[in-house]
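Scroll down for the structure; my scribbles are underneath it.
Since we're looking at a predicted model, the values are computed, not measured. Just so it is clear, the values below take in all heavy atoms, side chains as well, and ignore hydrogens, waters and symmetry mates.
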Amino acid sequence: MKALLRYVVLTSALVGAFEPVSTAVVAGMGAAALGRKLYYYLYENCDGTWVGFNSTGLEEDLRTKLFGQHVAARVILKAVTGFMNNENPRKPLVLSLHGWTGTGKNYVSELIAESIYRKGMTSGFVHLFTATAHFPHEKHLEEYKSQLQQWIKGNVTNCPRSMFIFDEMDKMHPGLIDGIKPYLDFYDNLDGVSYRQAIFIFLSNAGGENIVQVALDFWTAGREREEIELKHLETALSLSVFNNKNSGFWHTSLIDKNLVDFFVPFLPLEYKHVVQCGLAEMATKGLTPDEEVVDRMARDLSFFPKEERVFSRQGCKIISSRLDFYV
């Protein structure tokens, strides 16, 4: 804004140096230029002022704000950074995030949005769809497909660097997501519109049981959690999702045609991770982090196996509301 004010002063000084006839022209040009600057300063546009990529910020956020998800953090950082640094990608970036509720899938989507869009999740270029809210009735499946296609086409036309997030994929009617398959494929453009700079993120609880089983197997074998790698999970995860009749990915061409770039597993959280979430939530609420308070809250939550209490059943999702009871 200070730069704009200096521009006004400079424009005024220049106008005074011209003859009266020229003054009106110069003043008009100056006002128009100033109007454009003000518009782009105040209103979101699909340009470098509002849309970019802060790779350092994303790396730091994943390191300090996402707890217990070393596999997801590593994959997300490499996938998003590689895609955003590619000036001419062959297709849109397609990520499918899987795991139990409260493990950080929605939160990671927010972190990605914040690293690209100045307004984060409130950006007009970030579009969130929830299966139960936006596509509730199976009888309207074909109508939903048409609406979704038009919505994606219109928004990518407006801003090629658009992000589309589909939550509750495990509750989505099978077949619906196949309607957007052409936009995720290897095409230069479709009807004059290129989708190659767009980002599609799918969030699902489907496959969570497979992820939990791998984590349990490592724990039972006495192996460190950090030894778990993407290769231990991705193939089994994609197959379980593809063959799950209750999943929006059931026999979808997105998987069959290898259009999903990464199936990203979110591991079940351990007790220590729940405590970390609680301390971070206290700081967010403007409270002094108190490990004793958070520990009391964490002890009252549900964990499994029953005797050892290793993994949290609820993750971090209920931490915010539960903390109020213990503070």
With a 4.5 Å cut-off on side-chain heavy atoms, are [Y] and [X] touching?
X      : Y      : answer
Met84  : Ile199 : yes
Ile165 : Met121 : yes
Val274 : Cys277 : no
Ser115 : Ser55  : no
Phe249 : Leu254 : yes
Phe166 : Ile201 : no
Leu97  : Ser109 : yes
Phe164 : Leu128 : no

Regarding [X] and [Y], do their side chains bring together a donor and an acceptor under 3.5 Å, going by distance alone?
X      : Y      : result
Thr101 : Gln314 : no
Thr132 : Glu168 : yes
Tyr271 : Asp295 : yes
Asp178 : Ser253 : yes

Closest non-hydrogen atom pair, [X] against [Y]:
X      : Y      : value
Asn210 : Ala236 : ND2-O, 4.3 Å
Gln149 : Gly179 : NE2-O, 2.9 Å
Arg161 : Phe125 : O-CB, 4.4 Å
Asp290 : Met282 : N-SD, 3.4 Å
Leu190 : Tyr195 : CB-CE1, 4.0 Å
Ser321 : Ile318 : OG-O, 3.1 Å

Check whether any side-chain N or O of [X] sits under 3.5 Å from a backbone N or O of [Y] as a donor-acceptor pair, and report yes or no.
X      : Y      : answer
Asp47  : Thr49  : yes
Asp170 : Asn205 : yes
Glu143 : His140 : no
His273 : Leu269 : no
His232 : Glu229 : yes
His173 : Phe135 : yes

Straight-line distance of [X] [atom1] to [Y] [atom2], nearest 0.5 Å:
X      : Y      : atom1 : atom2 : result
Leu93  : Gln197 : CG    : CD    : 12.0 Å
Glu234 : Ser96  : CD    : OG    : 10.0 Å
Trp50  : Arg118 : CH2   : CZ    : 4.0 Å
Gln150 : Asn155 : CD    : CG    : 11.0 Å
Leu148 : Phe129 : CG    : CZ    : 5.5 Å
Ile180 : Asp185 : CD1   : CG    : 11.5 Å

For the [atom1] atom on [X], are there more than 12 heavy atoms of other groups (residues, nucleotides or ligands in this structure) within a distance under 6.0 Å?
X      : atom1 : result
Glu227 : CD    : yes
Glu59  : CD    : no
Glu307 : CD    : no
Glu226 : CD    : yes
Trp219 : CH2   : yes

- Message: Walk me through whether Lys105 and Asp167 qualify under salt bridge (Lys or Arg N to Asp or Glu O under 4.0 Å).
- Response: CA-CA 9 Å; Lys105 302 184 300 295; Asp167 197 4; over 6 Å; no
- ring-ring contact (aromatic ring centres under 6.0 Å, His included) partners of Phe83, counting only residues at least two apart: none
- Considering residues at least two apart in sequence or located in another chain, which fulfil the ring-ring contact (aromatic ring centres under 6.0 Å, His included) criterion with Trp100? Phe304
Carboxylate-amine/guanidinium contact [X] [Y], below 4.0 Å:
X      : Y      : value
Arg196 : Asp188 : yes
Asp300 : Arg322 : no
Asp217 : Arg223 : no

Donor-acceptor list for residues 66-81 side chains, cut-off 3.5 Å, not counting sequence neighbours:
from: Gln69; atom 1: OE1; to: Leu267; atom 2: N; distance (Å): 2.7
from: Gln69; atom 1: NE2; to: Thr103; atom 2: O; distance (Å): 3.1
from: Gln69; atom 1: NE2; to: Leu267; atom 2: O; distance (Å): 2.7
from: His70; atom 1: NE2; to: Arg225; atom 2: O; distance (Å): 3.4
from: His70; atom 1: NE2; to: Ile228; atom 2: O; distance (Å): 2.9
from: Thr81; atom 1: OG1; to: Leu77; atom 2: O; distance (Å): 2.7

- Query: For the ring pair Phe200 and Tyr183, is the centre-to-centre distance below 6.0 Å?
  - Reply: no
- Is the Tyr144-His137 ring centre distance short of 6.0 angstrom? no
Going only through I, L, V, M, F, W and Y residues with side-chain contacts under 4.5 Å, is there a path from [X] to [Y]?
X      : Y      : value
Val260 : Trp250 : no
Leu323 : Tyr107 : no
Leu239 : Phe262 : no
Phe263 : Val212 : no

- Message: If you apply the rule side chain to side chain contact (heavy atoms under 4.5 Å, CB included), what do you find for Tyr117 with Thr122, and how did you get there?
- Response: CA-CA 9 Å; Tyr117 305 95; Thr122 63; over 6 Å; no
- Query: Can Asn54 and Thr56 be said to form a side chain to side chain contact (heavy atoms under 4.5 Å, CB included), step by step?
  - Reply: CA-CA 6 Å; Asn54 182 357; Thr56 303; 3.8 Å; yes
- List the steps, then state whether side chain to side chain contact (heavy atoms under 4.5 Å, CB included) holds for Arg313 with Phe303. CA-CA 6 Å; Arg313 292 189 182 278; Phe303 289 81; over 6 Å; no
- Task: Begin from the C-alpha positions of Thr252 and Asp256 and carry the test side chain to side chain contact (heavy atoms under 4.5 Å, CB included) through to its verdict.
- Result: CA-CA 6 Å; Thr252 175; Asp256 193 37; over 6 Å; no
